[in-house]
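Heads up: the structure comes next, in structure tokens.
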Amino acid sequence: MLLYCLGDSITAGPGVPAAKRWTSLVAQRTGWTVVNCGVSGDTGLGMLLRLQTLLTQKLSPAMYAGEQPWVYLWGGCNDIFCCGTDSCARLPMATMLHQLLSAGIQPVVGLPLPVIACDVPSPWAETADFPAAEKMLGRYSAWLAGFCASFHVETVDFQPDFMQENGLARRELFLDGLHPTAQGHSLVASRLIARLSGIASAETGRAACGRSGKPTQAAQREGI
């Protein structure tokens, strides 16, 4: 699998050695080619602009042979921190998904990690209303999951790994209330590998079904 990971600091991995970042761990554990396209502090608009470069320089059919790349999108949190609402996060994410689908590229979307507002360092806490953002992320996550489901785009939910049964986030998995520790990165890698492996297996099964002459699930959805 050739996997491009487009995101913000959660993908870039500040505060954790490069070899222990989740993108590196996914590559180490699977043998997949994983390209880390994370930029700390980036917003959905920045991701959208960088996707344009990927689509023209890396993801066009002429740029790869045999193995079609996948794109994993994981972002939107910085938009909420800066704007105080999830509206500015929705538009670029929806646009990226539609552009990838139109290009015939398999997108997969990560749902946001929880935020522990009380642990955010004071210099950052002065720039945004993190307690409000903590609640807004739940709203954004619900919208994102529903939007992706509407267009048959797979999502990855990390809540089971980062949340306790009492509904509180696991503080030991965060460096600063926002960014995961090395242990957190390891959990992200494990969850993502399991999810992508399952999706890839299902895609292989549908492709085999298509070769047998039976209508594929995608074709059935489109009414073909």
Side-chain angles (χ1 to χ4, degrees), residues 4-26 35-51 72-96 109-145 147 155-164 166-192:
Y4 286 88
C5 301
L6 191 61
D8 49 31
S9 57
I10 305 300
T11 298
V16 175
K20 293 186 177 181
R21 294 169 186 166
W22 65 263
T23 47
S24 298
L25 295 175
V26 169
V35 183
N36 188 325
C37 301
V39 173
S40 293
D42 206 4
T43 62
L45 179 58
M47 290 171 60
L48 175 59
L49 292 173
R50 291 191 289 118
L51 179 61
Y72 176 69
L73 300 174
W74 203 10
C77 294
N78 288 325
D79 302 75
I80 295 173
F81 299 154
C82 293
C83 299
T85 174
D86 66 334
S87 299
C88 54
R90 295 185 182 193
L91 183 58
M93 184 61 74
T95 303
M96 286 188 285
V109 175
L111 301 182
L113 294 181
V115 167
I116 307 176
C118 62
D119 289 343
V120 175
S122 56
W124 297 345
E126 295 170 0
T127 67
D129 186 350
F130 283 97
E134 188 175 2
K135 299 177 182 178
M136 185 61 65
L137 279 171
R139 173 179 167 182
Y140 172 63
S141 183
W143 171 83
L144 186 56
F147 185 86
T155 58
V156 186
D157 184 6
F158 301 96
Q159 295 294 311
D161 304 303
F162 284 81
M163 298 295 290
Q164 304 177 62
N166 61 8
L168 298 177
R170 298 175 58 188
R171 299 180 73 175
E172 75 275 12
L173 297 179
F174 291 89
L175 295 169
D176 48 23
L178 299 171
H179 303 97
T181 61
Q183 182 185 0
H185 276 264
S186 181
L187 290 173
V188 167
S190 296
R191 176 70 59 178
L192 188 59

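Positions are given from 1 along the sequence.
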Give the intermediate values and the outcome of salt bridge (charged side-chain N to carboxylate O under 4.0 Å, His left out) for residues R50 and D42. CA-CA 10 Å; R50 291 191 289 118; D42 206 4; 2.7 Å; yes

Run L187 and L173 through side-chain contact (heavy atoms from CB on, under 4.5 Å) and show every step you take. CA-CA 9 Å; L187 290 173; L173 297 179; 3.7 Å; yes

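- Formation of a donor-acceptor pair under 3.5 Å by the N36 side chain with backbone atoms of T11 is found in this model.
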Kindly indicate, with the supporting measurements, whether the criterion ring pair (Phe, Tyr, Trp, His ring centres under 6.0 Å) is fulfilled by W22 and F158. CA-CA 13 Å; W22 65 263; F158 301 96; 7.9 Å; no

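- Taking the six-membered ring for Trp, F81 and F130 have ring centres closer than 6.0 Å.
- At least one donor-acceptor pair under 3.5 Å links the side chain of D176 to the backbone N or O of H179.
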Compile the donor-acceptor pairs under 3.5 Å between side chains in residues 131-139 and protein atoms, sequence neighbours left out, one pair per line.
none

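- Taking 4.5 Å as the limit, some side-chain heavy atom of Y72 sits within range of a side-chain heavy atom of L192.
- Looking at R191 and V156, their side chains come closer than 4.5 Å, going by heavy atoms from C-beta outward.
- Rounding to the nearest 0.5 Å places OG of S87 at 10.0 Å from CH2 of W143.
- Side chain of T127 to main chain of W124: a donor-acceptor pair is present (N/O by atom type, distance under 3.5 Å, no hydrogens or angles).
- The nearest pair of heavy atoms linking A12 to S40 is CB-OG, 3.8 Å.
- For the atom pair CG of D157 and CZ of F162, the computed distance is 11.0 Å after rounding to the nearest 0.5 Å.
- Rounded to the nearest 0.5 Å, atoms CG (L45) and SG (C88) are 10.0 Å apart.
- At a threshold of 4.5 Å between non-hydrogen side-chain atoms, the residues L113 and I10 count as touching.
- Taken from NZ in K20 to CG in L25, the straight-line distance is 9.0 Å, to the nearest 0.5 Å.
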Residues M163, L168; criterion side-chain contact (heavy atoms from CB on, under 4.5 Å); working and verdict: CA-CA 6 Å; M163 298 295 290; L168 298 177; 5.7 Å; no

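- Pairing each heavy atom of A94 with each of F147, the nearest pair is CB-CZ, 3.5 Å.
- The nearest pair of heavy atoms linking P112 to Q159 is O-NE2, 3.4 Å.
- Counting heavy atoms from C-beta on, the side chains of V109 and W74 never come closer than 4.5 Å.
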Evaluate R170 against Q183 for side-chain contact (heavy atoms from CB on, under 4.5 Å), listing each step before the verdict. CA-CA 11 Å; R170 298 175 58 188; Q183 182 185 0; 4.0 Å; yes

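- Remark: the backbone N or O of L111 is not paired with any side-chain donor or acceptor of S141 at under 3.5 angstrom.
- From M47, atom CE reaches atom OG1 of T43 across 9.0 Å, with rounding to the nearest 0.5 Å.
- The side-chain heavy atoms of M93 and L144, taken from C-beta on, include a pair separated by under 4.5 Å.
- Atom OG1 of T155 is separated from atom CG of L73 by 12.0 Å, given to the nearest 0.5 angstrom.
- Using a 4.5 Å cut-off on side-chain heavy atoms (C-beta onward), L6 and L51 make contact.
- The two residues D79 and P92 have their closest heavy-atom pair at OD2-CG, 4.5 Å.
- Checked options V26, T23, V35; the residue passing with C5 is T23 (criterion: side-chain contact (heavy atoms from CB on, under 4.5 Å)).
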